[in-house]
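Values in this document were obtained by computation on a predicted structure and should not be read as measured data. First the proteins, then the strands, lettered A, B, ... as listed; each starts at 1.
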Number of protein chains: 2
Amino acid sequence: MEQQSIVNKALEKIGDFSASEFNMIHAHAQFRQLKKNDILLKEGQVCSAIYFIIKGAFYQYRMNDVDENIIELHVDNEWFLNNTSFITQKPSFDTIKAYADSEILELNIHSIHKLIEISPVFFQLGKLLQPAAVRTQFFDNTMTPAEKYNYVLEHRPRLLQSFPLKYIASYLKMAPETLSRIRGKH
Amino acid sequence: MEQQSIVNKALEKIGDFSASEFNMIHAHAQFRQLKKNDILLKEGQVCSAIYFIIKGAFYQYRMNDVDENIIELHVDNEWFLNNTSFITQKPSFDTIKAYADSEILELNIHSIHKLIEISPVFFQLGKLLQPAAVRTQFFDNTMTPAEKYNYVLEHRPRLLQSFPLKYIASYLKMAPETLSRIRGKH
DNA sequence: TTCATTTCTTGATTTCAGTCAAGTCAGTGT
DNA sequence: ACACTGACTTGACTGAAATCAAGAAATGAA
């Protein structure tokens, strides 16, 4: 199947699984379709699954009085989750929303636990938490706006194509005007 | 034993363990003593264990050209680890150093895996990753210096007693002068 | 097409935290 | 008692990014 090979390719990057182990993962995964602006996880709900984007894009935001504060951006061929809520299994502070019509695969925490009971091989799925953990290193206040932009340009360039400037500015915690000026100087 | 009851009390907060399960955890844990300025984990090493501070204090810092940039502060009766290195099992960017003569308990990743093989109950140990995950929410650039100080004052007041002002300022990513001024206005 | 709305850019001004600098205070050693 | 050091405070100045404001460009709807 087309979808499965895409997912397997992404899984190969995070661990060493046999064909039968791939099949076990797919047996536990749920295919889902969402329309633009559909909500995948609402603030207050517990994030009990990890997701793989086959097609589309998602963003996570937190309400701050009036406006949406963007926490994470995700494009196709990426795994994502609300890291804090998933790890703690407590209500999420953030909402996850589809930015475009999307197709995703869902692997819930019970399935992951079952898989790990079957074999410690599936511990490697824990590495899916890695990107979020690594990312937080960079977005402490030690980086200047220009450094943040260059970091995204180098490490996640597809974000810049997939989302409007003001989403990226919010994600990078700077004013849209500032991002516009930085981009102006190539 | 004195130490065990301290640790069990801390473990009760994160999960529901039986007496025999407590014993299994202690059987896998290593007791260690460190002197002030002893290094627990050096930059470049993989963080392969989680630690519980029975007595003393620790800090994690990252070298930035000349000066130490403080990443985390830990006081007694807390679990800690280098979150990123532990989750990814890749070399740490940070060094963990004893701020005072300390006594700790060490539970390495192999022991944790063994425990989880014995029983899924020990999955709850994963919750020890929680504090770090929760903390990163707050230290994105959305908070003003005063808000950061108030957050620490409310959630981790013992840090303010345990470490000198300049350590806390570095941890909160602000100039020592700024922290001093904020504190001046109660 | 035209009009309306949103997105992005550009300029002028403001503000808040960082830096620089000087001084106080407490602790240590001689 | 004295100087020396490190921790903290306070004031003056600076600079980078936010804010305010206006307008241009792109998008979409009628």
Check: [Y] main-chain N/O paired with [X] side-chain donor or acceptor under 3.5 Å:
X        : Y        : value
B/Ser102 : B/Leu34  : no
A/Gln60  : A/His74  : no
B/Glu154 : B/Tyr151 : no

Just the rounded figure in Å: distance from [atom2] of [N] to [atom1] of [X].
X        : N      : atom1 : atom2 : answer
A/Ile182 : D/dA16 : CD1   : C1'   : 11 Å
A/Glu177 : C/dT14 : CD    : C1'   : 14 Å
A/Leu165 : D/dT27 : CG    : C1'   : 16 Å
A/Lys36  : D/dG28 : NZ    : P     : 10 Å

### Task
Could you tell me whether A/Pro176 contacts a base, only the sugar-phosphate backbone, or nothing, with contacts defined as non-hydrogen atoms closer than 4.0 Å?
nothing
### Message
Suppose the criterion is side-chain hydrogen bond (donor to acceptor under 3.5 Å, both in side chains): which pairs have a residue in residues 46-58 of chain A, not counting sequence neighbours?
### Response
none
### Task
Find the distance between NE2 (B/His26) and CG (B/Leu105) and round it off to the nearest 0.5 Å.
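The distance works out to 7.0 Å.
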### Task
Using the salt bridge (charged side-chain N to carboxylate O under 4.0 Å, His left out) rule, collect all pairs that involve residues 91-112 of chain B, keeping only residues at least two apart or in two chains.
B/Arg32-B/Glu106, B/Arg62-B/Asp94
### Query
Can you find a side chain N or O atom of B/Thr178 that sits less than 4.0 Å from OP1 or OP2 on C/dA17?
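Checking C/dA17 against B/Thr178, no side-chain N or O comes under 4.0 Å of OP1 or OP2.
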### Residue mapping more 5' on DNA chain D - nearest nucleotide basis, B/Leu179 or A/Ala146
B/Leu179
Polar pairs (N or O, both sides) under 3.5 Å between protein and nucleotides 12-15 of chain D?
none

